Each structure stands twice: as C-alpha cells, then as structure tokens.
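Just so we're clear, the structure is a prediction, and the values are computed from it rather than from any experiment. The sequence lines fix the lettering, A, B, ..., with proteins before strands; numbering per chain opens at 1.
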Amino acid sequence: MTQDAPRHPGLNLGRHHPEAHAENEKLMFGFWVFLMSDLILFGIVFATYASLTNPMGQAGGPTPRDVFSLTSAAMQTAILLLSSFTFGLASLALKYRQPSLRAWLAVTLLLGLAFLGLELRDLVQMVADGAVPQRSGWLSAFWVLVPLHGLHVAAGCLWLAVMLVQVTLFGLTTQVSTRLARLSLFWHFLDVVWIGVFSVVYLGGLA
Amino acid sequence: MSRTTTIGNMTGFDGMVFGARRAFLHWSSQLRPIGGAGARHAAGLATATLASALLFGACPALAQDLTFLDPAGPIARSELDHFWRIALISSVAVLPVLLLLPLIVWRYRAGGKGAFRPNWDYSRQLEITMWGVPIVIVAILSVQLVRNTLELDPYRPLASDVPPLQVDVVALNWKWLFLLPEYGIASVDSLTIPVDRPVEFRLTSDSTMQSFMVPALAGQIYVMPGMETRQNLLADRQGLFVGRNTQFNGPGFAGQSFALQVTDTAGFEGWVSRLRQDGPVMDEAAYALLATPGTAKDLSGMRWLALDSGGAFGFAAYPDGLFDRVRQRYMTQLPVGPAEQPGSPNYAPEGARQKDSQHD
Amino acid sequence: MTLETGRKELRLYVIGFALAATLTAVPFAVVASGTVPRDVSGWVIALCALLQAMVHFRYFLHIDFSRQKREDLQLVLFSVLLLAIMAGGTIWVLANLSARMMP
Amino acid sequence: MYIALAFVMMARAIAEAAVMRLQQALALDGGFLSEAHYAELFSTHGTIMIFFVAMPFVTGLINIVVPLQIGARDVSFPLLNSISLALTAVGAALMMVSLVIGDFSTGGWTGYPPYTGIVFSPGEGPDYWIWAITLSSVGTTLTGINFAVTIYKERAPGMSFMRMPMFTWTALCSAILMIFALPPITAACVMLALDRYLDFHFFTSDLGGNMMNFANLFWLFGHPEVYLLILPAFGVFSEVIATFSGKRLYGYASLVAATMCIAVLSFTVWVHHFFTMGGSPYLNAVFGAATMTIAIPTGVKIYDWMATMYRGRIRLTVPMVYALGFMMLFVIGGLTGIQLANPTISYQVHNTLFLVAHFHNMLVPGVLFGMLAGYTYWFPKVFGFRLEDRWGYVAAYGWILGFMLVFFPLYVVGLLGMTRRTYDYTTAAFQPWMIVSAVGAGVVLFAFAALVIQLVRSIQGRSALADTTGDPWDGRSLEWSIPSPPPAWNFAVLPEVKDRDDFTRQKEGGAAWNPAAQYDDVELPRNRAVGVIVFLTGTLLGFALVWHVWWMAAAMLAMIVALVIWIGFQGISTETVSAARVYSVDCDFLARKRAALGKSAASGVNTVDPVGRARA
Ligand code: HEA
Ligand code: HEA
Ligand code: CUA
Ligand SMILES: [Cu+2]
C-alpha cells in the first residue's frame with residue numbers, strides 16, 4: 001500500500017517502478033514549483049496583454065476581429081487537448097510498463113508539431129496582414145504572449161523527441177521514468193496555460 | 001547663496017565630527033573581547049545615538065523657499081501636519097524599543113543583575129500586547145491615512161470664491177513651459193500666480209516621464225507624454241518659491257527647476273501685461289526649437305527669444321491648442337520617431353534651425 | 001488488481017477529456033453563434049475557463065483533496081492567490097491610472 | 001562562492017558610494033564629476049548593491065547554513081545550484097565589463113522607460129543593465145526553487161516545520177519570494193529589450209505603449225525584493241540573539257507567523273512606490289493602508305527579540321553588537337517607511353533624499369548588518385577558526401556611527417527639498433549636511449577597512465583562533481554539533497530531531513557528541529564543469545546581445561540548448577564515501593572535542609566553554 005501512496009503531483013509511478021517512485025518525490029516537487037513560477041510569468045504577460053487590449057493600446061491598428069480566426073483557434077485548441085489526452089495514455093503505459101508507451105509519445109509529439117504548424121501559419125498570415133508587433137502596444141503583447149506559449153510547446157516537443165530516443169536507448173531506467181513523469185507535468189501544464197490563451201486572447205477578442 | 005559663506009561654516013561641523021570620531025576610536029580601542037564589557041558596550045551604543053541626535057539639534061537655517069517644512073499654502077500645510085502626526089503616533093510603538101532596549105541590555109548583560117530564565121519563551125499576555133498595540137496603532141494610522149488621502153487628492157478642485165487660474169504645463173528636457181490659456185501668454189521656467197487664488201495645473205510631457213513639484217505649496221505629480229495629470233494648489237502667502245522636476249531624466253536634470261512667484265493680484269496682472277508687451281510670439285517652429293534638449297540657460301543665447309533678464313523668459317502668445325496637440329501627438333496611429341521626440345538626443349525638428357537664423 | 005486500477009485510471013483520463021472537451025466547446029459555440037450579448041459571453045468564457053482549469057488539475061495533473069497531496073494543493077492555491085494579486089492588481093492599477101490620465 | 005562574488009562587487013559599489021558622497025559634499029554649484037558620470041555611478045551602485053552584493057550574500061549564506069541547520073548533506077539539486085551561481089556571476093561579469101567597454105545605463109537601478117528606451121538612451125548602457133539583470137534573475141528564480149525543495153524535502157527525521165530554526169524559516173520565505181517575485185522583473189526586462197531591439201511598443205510613448213506598466217511590473221518585483229533581502233537578515237538576528245542571550249527564542253510561533261505575514265503582504269503593497277503617478281485616491285489609500293499593515297508583523301518581531309534578551313544572559317559579541325545596532329536603527333527607518341506609506345507624505349518626499357535615507361536605513365542596518373552578523377557568526381563553522389574580535393568591534397561600531405553620520409543628514413536635506421540623483425545643487429543650506437554625510441562615508445570606508453584588516457589578522461592568527469569544538473558560541477541548532485569546517489557529507493549520521501533547539505537539548509541531556517551506533521556509506525554528487533560552461537556561454541551571450549553580435553548570440557543560445565540536452569544524456573554521477581571513512585573522521589572529531597573541552601576548562605581564559613555554560 002505505502003508503495004502506491006502518491007508522493008508527488010502528476011501520475012505517480014507506484015510499485016512498478018519502486019526506485020523511480022521514491023526518487024521522483026523531490027524532483028517532481030521541484031519541477032512543480034518551477035511550473036508555478038512559470039505560471040506567474042505567464043500571468044504577468046496576460047495582465048500586460050489585457051491592459052493593452054483597448055483602443056488606446058491598439059493605436060488605430062488592427063483589432064482582434066481583423067486578425068484572429070475562430071476556426072484556427074478551435075483547431076489548435078482541439079489538437080492540444082487531444083495531445084494532453086494522448087500524453088495521459090502514455091503516462092499510463094509508462095506506469096504499467098506497457099509497450100504502447102513509445103507509440104503514444106510519438107502521437108503526442110505529432111500532435112504538438114501539428115499545433116505549432118497551425119500557430120505558425122496564423123502568425124505568418126498576421127505578418128502578411130501587417131499585424132506585426134511593431135504596429136501597436138496590443139500587438140506587441142500578443143506577439144509575446146502567444147509565441148511564449150508556442151516556445152514552451154516547442155521546448156516540450158524537443159524534450160519529447162529526446163525522451164523517445166532515451167526510451168529506445170536506455171529503456172525505462174529510473175532516470176528515464178522520472179524524466180517522463182516531469183515531461184507529463186510540463187505538457188499538461190501547457191494545456192492549462194492554453195485555456196487562458198484561447199479564453200482571453202481568441203474568445204475574449206472575438207466575443 | 002555664495003559659495004564661500006557656506007564653506008566658512010564648515011570647520012565647525014568638520015571639527016565636531018572629527019573630534020567625535022577620534023574619541024570614539026580611542027574608546028573602542030580599549031574594549032576587551034566577549035563578555036564582561038557589556039556595560040561599556042551598551043553605554044557606547046547610547047552615546048553614539050545621542051551624539052547624532054545632538055548634531056541635529058544644531059539645525060542651520062532652513063532653505064525657506066523650497067521646502068514644505070515652511071508651507072505657503074493649505075495643501076502643503078496639511079501635508080506637513082500629517083507628517084508630524086504620523087511620526088508622533090508611530091512613536092508610541094517605536095520609542096519603547098529605543099528606550100527599553102538599552103535597559104534590557106544593561107540589566108541582562110552577562111554578569112548583570114537580571115534573573116536568568118533560559119527556558120522562558122512564551123507569555124500569553126505579552127503576546128497579546130505585542131500584536132495588539134501595533135494593530136491598534138496601525139488602525140488609527142490607517143484612518144488618518146484614508147481621510148488625508150481623499151482630502152488631498154491633487155485632482156480635487158479647491159473650494160474658493162475666485163475661479164481657479166488655469167495653467168497648462170509642458171515638461172521638456174530640461175525646462176518647464178507654462179501656458180496660461182486665459183491670458184494667452186506663456187513662460188519658461190518662471191511663473192507668477194496671484195495669492196489666495198486656486199491654481200489648477202494640467203500637465204503633460206513632451207519628453208520623458210517627469211515629476212512636477214512645488215514643495216512649499218503642494219506635493220508632486222508625475223508628468224508623462226501622451227497623458228494628462230493634474231495638480232490643484234493654492235498659495236496663501238506671497239513669496240518666491242522653487243519648483244522642480246524630481247524624476248531623473250538625463251544630464252540637465254539637476255538644473256531643471258523653476259521660480260514660482262506668488263504676488264498680489266496687481267503684481268500678477270503686471271506680470272501678465274509685461275509679457276504681453278515685451279515677450280516675443282511663440283509659433284510652432286519656435287516651440288520646436290524651445291523643446292530641444294537643453295536648459296533654459298542654454299537657450300538664452302538664442303536671439304529670437306529677445307531676452308532681457310537672465311534665465312527665465314516668456315512669450316506674449318503661443319499657438320492655439322498647443323497643450324492638447326502636444327499630448328495628442330503620442331496618441332495617434334502614427335509612430336513618433338526619435339527625430340520627433342524633443343527629449344531625444346536625435347531630435348531634429350524641421351524648420352527649427354531656420355527659425356533661429358531668421359532672427360539673426 | 002493492477003489491471004483494474006489501470007482501467008480505473010484510464011477511465012479518469014477519459015472523463016477528464018470529455019469534460020474538458022465540453023467546457024471548450026461551450027464558449028467556442030457561444031462566440032461562434034455571435035448572438036449572445038458580450039457581457040454574458042464574457043462570463044461564460046471566464047466560468048468555463050475556470051472550470052476547465054480545475055478539470056485539468058484534477059484529472060490530468062492529479063491534484064485533489066487527499067491527504068498526501070495536500071502540500072501540492074497548498075502550493076497551487078498559494079500560487080493562484082499570488083497570480084490573482086499580481087495579474088488582477090496589474091489590470092486594476094493600470095486601468096485606474098489610465099482613466100485618470102485621459103482628460 | 002556567492003559570498004566571494006558579493007565581496008568583490010561590494011568593493012566596487014562602496015568605492016562608488018564614497019565618490020558620490022564626496023561629489024555631493026563639494027557639489028554646491030558644481031563638483032568634480034560630470035552629471036552623466038554621476039548618473040552612471042548611482043545606477044551601477046544601486047544595481048550592484050541590490051543584485052550583486054545583497055542578493056549573492058543572502059543566497060550564499062542560505063546555501064551554507066540551511067543544509068547544516070536542517071541536518072541535510074547538501075541542497076537538493078547541487079548541479080542546479082552551480083548553474084544558478086554561474087548565472088549570477090554572468091550578471092556581475094557584465095557589470096564589470098561595462099566598466100571597461102562602453103557605458104552603463106544612467107537610468108538608476110529602477111531603469112524606468114521611456115528614459116531607458118531607445119529614443120532617449122540610444123547607447124548600449126540600458127542593454128548592459130537589462131541583460132545583467134535578466135540573466136541573474138533567472139539564476140535567482142532557480143535558486144529559490146532549489147532552496148524551497150531543500151527545505152521541504154531534505155529535513156532530518158523528526159524536524160517538523162515547527163522545529164525548524166528561525167533562519168531556515170526566513171530562508172524558506174525568501175525562497176518563496178525568489179520563486180514568485182522574480183518573474184515580473186524578468187518579463188519587464190525582456191519587454192524593455194524587445195522595445196529597444198525590435199521596435200515593440202510595450203513602454204514607448206507612442207503607438208499604444210504604456211510606460212506606467214513598467215513601473216508597475218518593476219515594483220511588483222522590487223517591493224518583494226527588499227523583503228527577500230531583509231527576511232534572512234531577520235533570521236540571522238533571531239539566531240544571534242537567541243544564542244548570545246543563552247535563551248530559547250521568545251515567541252517562536254509568533255515569529256514564524258510574522259515572517260509568513262511579511263512574505264505574503266509584501267505582494268500587496270507595490271503601488272506605494274508610485275503614489276505620485278496620479279492614481280485615484282482610493283487606489284492610493286488601499287495600497288497605503290496595506291503597506292502599513294506590514295508594520296505589525298515587523299513590530300512583533302522586534303518585540304520578540306527584546307523579549308528573548310529579557311531574562312537572558314547577554315554576551316556582547318560582535319554579531320550581537322550588529323544585532324543591537326540593527327534594532328535601534330531599523331525602527332527609525334521603519335518609522336520613516338510608515339510615513340512614506342502615506343500617499344500625501346509621499347507626494348512631498350518621494351524622489352527626495354528623505355527616501356534615499358529611508359531605504360539605506362533599512363538596507364544598511366537591516367540587510368548589511370544582518371549579513372555581517374551572519375558572516376561573523378558562521379565564519380568559524382565554515383573555515384574552522386573565529387574572526388579576530390578587536391577589529392571586529394571597531395568595524396561594527398564604525399558601521400553604526402558611520403551609517404548615522406551618512407544617512408541621518410539625508411533625512412534633513414530630503415525634507416528641505418533636495419531631490420535624489422542630483423549631482424549638484426544651488427542651495428547653500430544643503431552643504432553642511434552634505435559635508436557631515438561625506439565625513440560619515442569616510443567612517444564607513446574606515447569600517448570597511450577594519451573588516452579587511454580583521455580578515456587578514458584572523459587568517460594570520462588562525463591557529464590561535466582555531467575552533468576545535470565545532471561549537472564556538474554555545475550554539476543551539478544542529479550546525480554546531482558537527483566539526484568546523486564540516487566534512488563534505490556534513491553529518492556522519494543524519495540526526496534524529498526531537499526539539500526546536502535540538503543541539504541545546506542534546507547538550508543539556510548529555511546526548512551531544514556521542515558516537516553513533518552505526519555508520520553507513522554516503523553518496524555525494526561529483527562536481528561537474530557545467531557551471532563554468534554556463535558562466536562562459538552566458539557572459540558571451542550577454543555581451544553579444546549588448547553589442548548586437550548576432551551570430552555570437554545565436555551560437556551561445558544553441559550551445560546552451562545543446563548543453564541541456566547533453567546533461568540529459570549523462571547518468572547521475574556520484575561518489576561513495578565508505579562508512580569506515582565517515583566513522584574515522586567522526587571519531588577524530590569527537591576525540592579532539594573532548595581534548596578541547598578539557599583544556600579550556602583548565603586554562604579558564606575567555607574562550608567560550610559551551611558545555612560549562614549550558615549546564616550552569
Ligand atoms: C544593499 C544596498 C545598498 C547599500 C548597502 C548601500 C550603501 C551605501 N550607499 Fe547606496 N544605494 C542603494 C543601495 C545600497 N546602498 C540603491 C538601491 C540606491 C538607488 C540607486 C538609484 O538611484 O537608482 C542607492 C543610492 C545611493 C546614493 C545616491 C543618492 C542619490 O540619488 O543621489 C548614494 C549617495 O551617496 C548612496 C550612498 C551609499 C553609501 C555611502 C553607502 C554606505 O553606507 C555603505 C557603503 C557600502 C559598503 C561599505 C559595503 C559594506 C559591506 C560590507 C563591508 C560587507 C563585507 C563583506 C564581507 C566581510 C564578506 N547610495
Ligand atoms: C530592506 C529593505 C527595506 C525594508 C525592510 C523596507 C521597509 C518598509 N518600507 Fe521601504 N523602501 C526600500 C527598502 C526597504 N523598505 C527601498 C530600497 C525603497 C526605494 C527604492 C527606490 O525608489 O529606489 C523603499 C521605498 C519605500 C516607499 C516608497 C516611497 C516613495 O518612493 O515615495 C515606501 C512607501 O510606502 C516604503 C515603505 C516601507 C515600509 C512601510 C516598510 C516597513 O516594512 C517597515 C516596518 C518596520 C517598522 C514600522 C519598524 C518596527 C516596528 C515597530 C517598532 C512596531 C510598530 C510600529 C508601528 C505600529 C508604526 N518604502
Ligand atoms: Cu501615466 Cu498614463
Ligand atoms: Cu516598497
């Protein structure tokens with residue numbers, strides 16, 4: 001029983017990885033604290049964005065209605081949410097040491113890349129429309145907020161790729177399992193931040 | 001204000017401090033390490049505190065024209081009252097520390113008389129006092145604070161039978177431009193206002209963020225490009241007061257002050273009519289030139305200003321709506337580049353140069 | 001036993017996913033329809049976002065009220081408190097200042 | 001390491017402070033510095049003192065002391081620790097480079113745009129400021145995470161939160177502030193950089209930028225920052241006062257509660273730094289009142305320390321002199337802080353030297369004295385010998401007197417209307433005060449020299465000052481139960497904690513210094529060169545960004561990413577210390593300990609005899 005007792009946030013590894021389960025306690029807690037610090041960073045950028053989303057901040061330049069597409073935002077949201085789910089399946093596969101682990105990780109990676117692709121497409125379109133960060137305070141904030149999240153997702157994708165290599169090379173060693181556990185926290189956390197992005201930026205802007 | 005007279009006083013102070021230091025060094029060299037010397041240490045601490053308190057007793061004459069310690073209007077007076085009141089109320093919690101601490105150190109020093117109770121670490125009553133007293137004092141202070149803050153809101157027009165004098169202020173590097181819409185005149189680094197008549201300042205900046213203050217009359221308020229802040233004040237005493245920018249904005253900052261003359265109505269009207277008669281007319285190009293970085297003194301070489309008295313100067317007229325235009329310049333759809341921002345080292349107003357040569 | 005808990009955990013992910021998807025779909029639908037008045041849609045968006053964040057924390061990040069996780073829950077709540085103070089405060093302060101500086 | 005860095009940077013910042021004071025003493029109608037030079041001086045002085053003296057000092061002290069106090073072998077993540085240190089060092093290195101190549105910012109430590117924007121400061125100065133702060137702030141955030149995890153997860157068995165020493169408590173609160181208060185400054189600096197480099201419009205005057213947001217974000221960080229610095233100082237004073245009063249800390253629970261209150265409240269008051277921006281009176285009143293509430297927990301702390309001394313046996317050692325100087329002076333600074341918390345008073349004295357006097361009154365007797373007390377107090381633990389006393393006393397009293405002479409006059413001239421950051425003035429009435437102040441700076445400089453002399457003398461006389469007991473002060477917490485300097489593994493056997501002042505309990509119960517029943521192997525992390533690499537790449541990155549050397553910046557960024565991935569492929573490298581080795585070192589220490597106790601009891605001189613005192 002005690003072996004199964006959760007020691008940290010996220011999915012616990014439990015008795016199937018006794019050593020990693022114990023080892024994970026302070027690593028996961030530390031990572032969790034880091035994420036909370038990151039959350040504040042996002043909060044600051046969100047607040048800046050919100051305070052510039054007004055005619056004064058837009059300085060006569062493009063407004064949300066001019067540059068956002070609800071469809072694209074919905075697609076990105078759907079993809080990211082789905083990737084959270086597939087990462088969940090990967091976590092379960094990890095916990096019970098099932099061979100499907102790598103497949104789910106790969107699916108998640110592909111979804112992440114698809115998300116980034118769509119976001120990039122939107123950004124390129126915005127540049128074409130003249131909605132560049134140099135145009136207004138509001139656009140400056142947009143170009144920091146959304147790409148900041150995108151950068152996190154890109155880092156997550158890179159990390160996923162590295163972990164796929166490591167799982168293949170080293171197998172589910174203690175270190176690899178604890179890293180995967182942290183990556184899963186990171187990935188789910190990014191999805192939580194995305195809730196803020198689509199609610200504040202896209203839905204708030206288009207409502 | 002000459003330099004030499006002040007230096008003259010210096011030896012007195014200097015001697016005093018150096019004497020104190022020598023005595024202190026002598027005394028501290030006699031100290032012995034750890035333990036036993038407790039008494040002397042406590043006494044030393046007290047003397048050190050006392051010595052500096054005495055230094056302040058010998059306070060030299062106040063700089064009368066630029067401090068709220070000698071207020072010339074109801075706002076500054078109220079701020080000064082508040083200042084002392086807060087100090088007094090807070091002292092109720094702070095003084096006991098200053099008084100009791102030396103006593104405790106004396107009594108409970110190693111080898112002193114106080115009883116030693118190494119495991120005493122809690123007393124309910126003491127605990128309640130420790131939290132209770134500051135809570136009560138902070139509550140009292142907070143009531144004072146809220147009342148005072150609401151009352152002295154710089155935006156609040158002052159009650160008076162006379163309508164307020166409207167003054168628009170544009171902060172430049174490193175000078176102050178005053179516009180009096182009622183009279184159509186403008187002045188740089190000097191302003192005259194009538195006594196006992198409220199003045200309402202509207203302020204904006206055509207350069208960096210600055211802070212406008214006339215300490216003897218009222219506190220400060222920030223002045224920012226593209227924005228308008230306000231300050232209401234009233235002088236109830238005649239005199240010459242200093243106002244200045246308090247927010248650092250580059251070389252020239254130290255000299256960015258202005259003279260505020262408070263006179264009776266006749267004096268004020270005299271000032272207005274003198275400017276109307278003798279002052280040059282400011283047009284857009286002249287404003288652009290005026291806005292170039294530099295102090296008023298730096299500008300006094302410019303002949304078109306037709307200066308007769310040193311430093312400060314004024315204009316018989318200024319372009320209509322100048323204040324609002326300056327403010328709105330930053331609020332358009334167009335970028336305002338360094339060449340168009342007067343405080344910038346890269347400021348290059350078109351036509352301003354011609355202006356000066358025209359008048360040569 | 002293992003398989004059973006495994007299945008239970010899987011079910012949690014599925015429930016979480018379904019809830020999250022619904023809570024996403026609702027505000028998107030509200031905005032897409034374009035018929036809901038602005039202030040109502042604003043509230044719907046905010047409420048759904050809040051609920052969805054809680055769903056993610058509960059089902060994906062596995063934060064709940066059980067004893068062992070109290071430390072983590074405290075950390076999250078503390079962070080959210082500070083986030084509210086800092087982000088909310090920023091918005092308030094800037095709105096207040098801007099309002100006073102528009103003539 | 002952190003402390004060595006702090007020391008070097010301090011030497012520069014002090015020299016700058018002395019030059020500024022001299023300038024102002026002579027500055028009636030001019031002086032010897034140009035205005036631009038003076039501006040660079042106060043900017044570097046403020047930036048260095050806060051970010052590269054006070055912060056590393058605090059961090060270094062926590063790093064050394066906390067693992068010892070909680071009975072741990074090290075901080076949780078030693079590798080991360082070396083990376084944080086490297087990032088702090090990067091910032092310091094950039095500050096130093098700016099001395100030689102190009103100019104530093106003239107915008108003060110607060111760096112408000114639009115003055116620091118590209119329009120008004122087209123040079124490289126603000127870029128130095130931005131990158132020095134950005135890179136070191138990332139390091140500080142990571143440090144905070146490391147400390148928080150260490151304190152949460154590495155405590156010795158039995159050490160519940162309410163048995164933690166006060167210093168560890170304050171370290172925990174500081175860590176929390178590092179984690180949550182640094183992101184705003186990181187964000188603000190990056191936004192300012194984007195404004196400057198890529199023509200964004202966060203804080204510009206035109207196109208919808210909002211310069212007020214910078215002030216807002218800066219103080220969202222800046223205010224918690226000053227409490228981040230003062231809390232560990234409070235922790236040091238708690239330890240020092242309890243130890244040298246020979247008494248349990250009075251009101252431990254109150255002190256813990258007060259510390260937490262201060263940490264949380266510090267996030268709710270930032271607007272008091274810009275009451276004069278023109279916010280509505282309601283806004284100002286709310287934040288003014290919130291600010292005042294901090295006086296309550298702070299007052300409780302002061303009273304608790306007084307009650308700790310009350311009924312104690314006060315030994316006036318050097319750290320204790322700092323503690324007393326702190327208490328007397330700090331309450332005066334607190335009183336002026338309360339005055340500043342009133343918006344209407346702030347309208348008058350904001351941006352004047354009254355404000356400068358207030359914050360030095362908190363930073364010097366508070367933070368600096370705290371750090372100096374901590375330095376004197378824990379020096380023997382770290383180096384194995386005590387600091388010599390005589391010059392220590394000279395320094396301590398010199399600081400107290402010098403501080404008063406420098407800064408009390410500034411209160412007066414501030415009230416008289418002299419603004420901060422002015423290199424000259426035309427009002428003759430200021431000058432006498434300025435001269436007193438300059439003389440004070442001389443005393444401070446002398447006190448600093450005394451510290452250096454003290455250090456040199458102590459190193460020369462280290463055999464006489466050697467601390468063989470590991471417990472030179474009759475300490476109360478666990479760090480005093482182990483040898484000085486501690487072995488790499490700190491504790492031979494992780495202690496079992498049963499009381500708040502656990503070491504005192506052991507001594508009183510005769511349980512101290514007993515060999516353990518069983519010794520085990522100890523695993524220690526192996527040193528890696530990662531810190532050095534991060535330092536080099538980070539410094540080059542910052543330099544490349546300041547001077548717009550894009551290829552170098554890109555290369556360094558790529559290198560950092562590669563480094564992270566490379567670390568990811570390394571196994572955890574540890575080395576094992578055998579149980580036999582641990583056992584023999586411990587036995588050695590215990591034997592020396594017994595010998596030392598016997599000797600000092602016999603000679604009867606003024607060295608501390610911990611056991612005798614505790615039993616008396
Ligand atoms: C921790 C912070 C700190 C400390 C300790 C000090 C210490 C001092 N400061 Fe400073 N100061 C600031 C932070 C600090 N200051 C800040 C933030 C500003 C604002 C900048 C701005 O405007 O933006 C400022 C500004 C400032 C000004 C500019 C005022 C103006 O606006 O015109 C002046 C002018 O004289 C000044 C003077 C001094 C002096 C004489 C000291 C002296 O008291 C002391 C000199 C310091 C020392 C001598 C160091 C002592 C340390 C040790 C001895 C430790 C020893 C270490 C070991 C043994 C390991 N300070
Ligand atoms: C370690 C640093 C430190 C500390 C501890 C403090 C502590 C406090 N500070 Fe200070 N402060 C600074 C560093 C610090 N400050 C700096 C660096 C700046 C300016 C930076 C810049 O502009 O460059 C600044 C500026 C500053 C301002 C802005 C002023 C302005 O720009 O106009 C204000 C205003 O409210 C303020 C208030 C306070 C208050 C109320 C406290 C309180 O925490 C004090 C509490 C303590 C006491 C009150 C004393 C003990 C209590 C008692 C004995 C019992 C009870 C007392 C009462 C009930 C009154 N500070
Ligand atoms: Cu200041 Cu708008
Ligand atoms: Cu503050």
Side-chain angles (χ1 to χ4, degrees), chain A residues 7-8 23 25-49 51-61 132-145 148 155 158-159 161-163 165-166 169-170 173-176 178-179, chain D residues 75-77 80 137-138 140-142 144-154 175-176 178-188 190-191 193-195 198-214 216-217 220-221 267 561 564-572:
Chain A
R7 286 166 168 273
H8 56 72
E23 181 86 359
E25 182 170 348
K26 70 185 194 206
L27 287 171
M28 289 290 266
F29 184 70
F31 197 69
W32 192 233
V33 176
F34 161 74
L35 289 182
M36 290 299 111
S37 178
D38 216 26
L39 179 70
I40 300 288
L41 185 70
F42 272 111
I44 296 297
V45 181
F46 268 113
T48 301
Y49 179 87
S51 70
L52 288 170
T53 312
N54 53 44
M56 223 191 346
Q58 284 155 355
V132 290
Q134 288 78 5
R135 180 59 191 85
S136 72
W138 171 68
L139 281 166
S140 296
F142 172 85
W143 278 88
V144 164
L145 176 53
L148 179 67
L158 182 64
W159 192 355
V162 169
M163 288 323 296
V165 174
Q166 292 198 351
L169 285 182
F170 308 138
T173 62
T174 301
Q175 259 197 331
V176 171
T178 57
R179 282 192 189 130
Chain D
V75 292
S76 284
F77 309 117
L80 186 68
S137 73
V138 173
T140 306
T141 310
L142 298 177
I145 296 171
N146 206 346
F147 289 160
V149 177
T150 304
I151 296 173
Y152 259 87
K153 300 289 181 193
E154 308 282 343
I176 291 172
M178 289 180 192
I179 294 161
F180 293 106
L182 268 293
I185 186 78
T186 313
V190 170
M191 288 175 192
L194 288 170
D195 276 7
L198 297 174
D199 193 24
F200 279 42
H201 291 282
F202 281 106
F203 311 126
T204 57
S205 309
D206 58 340
L207 287 184
N210 185 352
M211 62 196 66
M212 298 183 289
N213 191 24
F214 184 91
N216 174 70
L217 294 181
L220 211 41
F221 144 81
F267 284 101
V561 174
V564 170
I565 295 179
W566 178 77
I567 294 173
F569 277 90
Q570 302 298 300
I572 296 174

Below 4.5 Å from any heavy atom of chain D, which atoms of A:Val132 appear? Answer side chain, backbone, both or neither. neither
Heavy-atom proximity to chain D below 4.5 Å, by part of A:Arg135: both
Are A:Val45 and D:Met191 packed together at the side-chain level, in the sense that at least one heavy-atom pair is separated by less than 4.5 angstrom? yes
What option among D:Phe180, D:Phe569, D:Tyr152 has the most heavy-atom pairs under 4.5 Å with chain A? D:Phe569
Interface moiety of D:Leu220 toward chain A, non-hydrogen atoms closer than 4.5 Å: side chain
Which atom names give the shortest non-hydrogen contact between A:Lys26 and D:Phe77, and what distance separates them? O-CZ, 3.5 Å
Smallest heavy-atom separation, A:Pro133 atom then D:Phe200 atom, equals CB-CZ, 3.4 Å
If you count heavy-atom pairs within less than 4.5 Å of chain A, which of D:Leu198, D:Val564, D:Asn146, D:Leu142 leads? D:Leu198
If I measure from the heavy atoms of chain A, does D:Leu80 come under 4.5 Å with its side chain, its backbone, both, or neither? neither
Answer yes or no: is there a side-chain heavy-atom contact under 4.5 Å between D:Ile565 and A:Leu158? yes
Measure D:Asp199 against the heavy atoms of chain A and call it side chain, backbone, both or neither at under 4.5 Å. both
Under 4.5 Å from any heavy atom of chain A, what part of D:Thr141 do you find: side chain, backbone, both or neither? side chain
Bottom line for A:Met36: the part with an atom under 4.5 Å from chain D's heavy atoms is both
How many angstroms lie between atom CD1 of D:Ile179 and atom CZ of A:Phe34, to the nearest 0.5 angstrom? 11.5 Å
Does any backbone or side-chain atom of A:Leu148 lie under 4.5 Å from a heavy atom of chain D? Answer side chain, backbone, both or neither. neither
Could you give the distance from CD1 (A:Ile44) to CZ (D:Phe221), rounded to the nearest 0.5 Å? 12.5 Å
Quick one: does A:Gln58's side chain have a donor or acceptor within less than 3.5 Å of a partner on D:Gly208's backbone? no
Of the listed A:Thr48, A:Val144, A:Leu52, the one with the largest count of heavy-atom pairs under 4.5 Å with chain D is A:Thr48
When the 4.5 angstrom heavy-atom criterion is applied to A:Phe42 and chain D, the contacting part is neither
Ranked by heavy-atom pairs below 4.5 Å to chain D, first place among A:Leu169, A:Asp38, A:Thr173, A:Leu27 goes to A:Leu27
One should read off an interatomic distance between D:Asp206 CG and A:Ser136 OG, to the nearest 0.5 angstrom, of 11.0 Å
Minimum-distance pair of heavy atoms, taken over all atoms of D:Pro183 and A:Leu41: O-CD1, 3.6 Å
Inter-residue atom distance D:Leu207.CG - A:Ser140.OG, 0.5 Å rounding: 8.5 Å
